[in-house]
Amino acid sequence: MSDMMTTQAGDAGAFRDFDLSRVPTPCFVVDEKAIERNLTILRDVADQSGAHVLSALKAFSMFSLAPLVRQYLGGTCASGIFEARLGREEYGGEVATFCAGYKDQDIDEILSLSDHIIFNSPTQKDRFLDKAQAAGVQVGLRINPEHSEGEFPKYDPCAPCSRLGTPISQLSAEVMQGVDGLHMHTLCEQGVEPLMRTWSAVEFKLQPYIDDLKWINFGGGHHITRADYDTEVLIALIKDIRSKYGLDVYLEPGEAVALDAGILVGEILDLPQNGMNLAITDISATCHMPDVIEAPYRPALLDEADTGHTYRLGGPSCLAGDVIGDYTWEQPLKIGQRFAFLDQAHYSMVKTNTFNGVPLPTIALWNSETDALTLIRQFGYEDFKERLS
């Protein structure tokens with residue numbers, strides 16, 4: 001496999017004790033107690049700092065857990081009309097919507113669903129400003145701090161020639177007319193230090209406009225629920241901004257809501273040989289974990305061995321590149337054997353597709369404290385067929 005592929009860490013947590021034979025395959029299994037653990041941390045940050053913490057639906061939209069999320073967080077952030085509707089209908093609280101480009105036919109409904117609408121450019125802001133103000137919706141502008149903290153250009157909103165956000169050097173009194181708040185999203189799976197550096201890079205540049213703002217939104221990418229994240233530093237930063245400038249501060253964690261809270265269970269279908277041990281599984285990288293190919297990254301395997309029998313795992317599709325990675329077991333694999341990838345609740349679930357007619361994974365909810373297991377949704381032929389008609 002490519003040396004450029006990063007390896008996901010992953011924490012098995014309570015899933016070490018989960019019997020993989022209890023669910024059909026492929027299947028996402030989400031531990032609601034792990035979700036609650038993450039939500040507790042996020043709520044503590046909100047309580048101590050005074051920040052508004054919103055759940056980013058682009059990362060985790062399992063709305064059967066919306067009542068739980070609603071107990072801890074202040075609302076949701078959406079990336080378009082469908083997520084805004086889901087946030088309003090299922091989660092409640094505040095809805096902050098950002099989209100790189102809004103359509104005339106959608107704007108009225110989006111405004112009816114949103115508390116904040118965040119525009120990507122002054123052109124879009126000017127185009128829809130009157131409607132937003134008439135609807136009583138606060139208007140935001142996404143800025144590009146022109147300060148890059150991303151480790152990978154593909155996931156760096158501040159990479160050269162990025163389409164996301166208005167470069168901070170292009171701000172002016174005219175551009176800021178009608179703007180209630182600024183939004184910036186510079187992080188991807190990172191700690192608090194990159195956020196500190198970003199704020200240091202933009203604070204002085206925002207001085208001409210900051211007195212007229214009501215809020216600042218630091219977007220997502222904050223790995224707040226990771227064990228080594230320094231929440232005390234984050235809390236101090238937010239309190240300082242609120243005290244110094246009188247601004248409301250928003251955070252939009254997505255991955256942090258579901259970090260290490262779900263697995264994807266699969267089954268070995270065949271064990272061919274071609275220069276090495278191969279394993280065909282009912283989990284498809286391209287259909288069920290597309291970031292494996294797009295990033296690329298190597299998902300962590302539950303109970304992987306350091307030495308033993310190594311296999312290259314791939315999916316059932318006809319795509320030659322539908323390869324997940326090379327993995328090692330202490331004993332040789334057997335057809336029908338179950339296995340699971342760690343940390344699959346976020347992004348993988350929302351990015352699944354039915355390319356090649358590959359079935360979508362079942363979604364199951366498990367409570368690691370009570371051991372209760374519920375199959376939330378099983379997908380079939382009609383789910384494949386109806387999206388093509």
Indicate yes or no for a side-chain donor-acceptor contact from [X] to the backbone of [Y] under 3.5 Å, with no hydrogens or angles considered.
X	Y	result
T198	P194	yes
T354	G357	no
H288	P359	yes
R197	V192	no
D31	A261	no
K125	M176	no
Y91	R88	no
R338	T25	no
S162	P157	yes
S114	I117	no

Check whether [X] and [Y] end up in the same hydrophobic cluster, where Ile, Leu, Val, Met, Phe, Trp and Tyr are linked by side-chain heavy atoms less than 4.5 Å apart.
X	Y	value
L278	L269	no
L171	I118	no
L182	V139	no
V323	L319	no

Just wondering, more than 12 heavy atoms not from [X] lying within 6.0 Å of its [atom1]?
X	atom1	result
K351	NZ	yes
Y155	OH	yes
R163	CZ	no
K154	NZ	yes
D306	CG	no
E369	CD	no
E89	CD	yes
Q177	CD	no

When you check the gap from the basic side-chain N to the acidic O, do [X] and [Y] get nearer than 4.0 Å?
X	Y	value
D303	R16	no
R70	E90	no
D248	K214	no

In Å, rounded to the nearest 0.5 Å, how long is the span from [atom1] of [X] to [atom2] of [Y]?
X	Y	atom1	atom2	result
L388	D383	CG	CG	11.0 Å
F28	I283	CZ	CD1	8.0 Å
L234	M196	CG	CE	9.5 Å
I216	I210	CD1	CD1	6.0 Å
N274	R312	CG	CZ	10.0 Å
Y229	L259	OH	CG	12.5 Å

For [X] and [Y], which I'm curious about, is there any donor-acceptor pair between the side chains at under 3.5 Å?
X	Y	answer
E255	H223	yes
W366	D371	yes
T310	T328	yes
S169	E146	yes
R377	T362	no
T286	D322	no

Axial cation check for Y327 ring with R298, 6.0 Å and 45° limits: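 So R298 does make the cation-pi contact.
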Could you check whether any side-chain heavy atom of [X] comes within less than 4.5 Å of a side-chain heavy atom of [Y], counting everything from C-beta outward?
X	Y	answer
V202	I168	yes
N217	M184	no
I81	R85	no
D11	D343	no
L373	F18	yes
H222	V45	no
R142	T166	no
W215	Q138	yes

Identify the heavy atoms of [X] and [Y] that sit nearest to each other, and give their distance.
X	Y	answer
E83	C77	OE1-O, 4.2 Å
M289	Q344	SD-OE1, 3.3 Å
L65	I35	CD1-CG1, 4.0 Å
V175	Q170	CG2-O, 3.6 Å
Q207	Y245	NE2-OH, 2.9 Å
D260	A34	O-CB, 4.1 Å

H185 and N144: CA distance, side-chain angles, deciding distance, side chain to side chain contact (heavy atoms under 4.5 Å, CB included) verdict: CA-CA 8 Å; H185 183 154; N144 177 343; over 6 Å; no
F379 and Y381 aromatic centres sub-6.0 Å: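 No.
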Proximity of Y250 and H183 rings by center, below 6.0 Å: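 For Y250 and H183, the ring centres are not under 6.0 Å apart.
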Mutual orientation of the aromatic rings belonging to F119 and F128 [parallel < 30°, tilted 30-60°, perpendicular > 60°]: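 The arrangement is parallel - the two ring planes meet at less than 30°.
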Working for side chain to side chain contact (heavy atoms under 4.5 Å, CB included), residues Y347 and K58: CA-CA 7 Å; Y347 284 110; K58 64 181 177 182; 3.8 Å; yes
Residue pairs fulfilling side-chain hydrogen bond (donor to acceptor under 3.5 Å, both in side chains) with at least one residue in residues 40-53, sequence neighbours excluded: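 Only R43-D47, D44-Q48, H52-E94 qualify under side-chain hydrogen bond (donor to acceptor under 3.5 Å, both in side chains).
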Trace of the side chain to side chain contact (heavy atoms under 4.5 Å, CB included) decision for K244 with E203: CA-CA 11 Å; K244 190 174 182 179; E203 183 178 11; 3.0 Å; yes
Trace of the side chain to side chain contact (heavy atoms under 4.5 Å, CB included) decision for E267 with T281: CA-CA 6 Å; E267 181 179 319; T281 80; over 6 Å; no
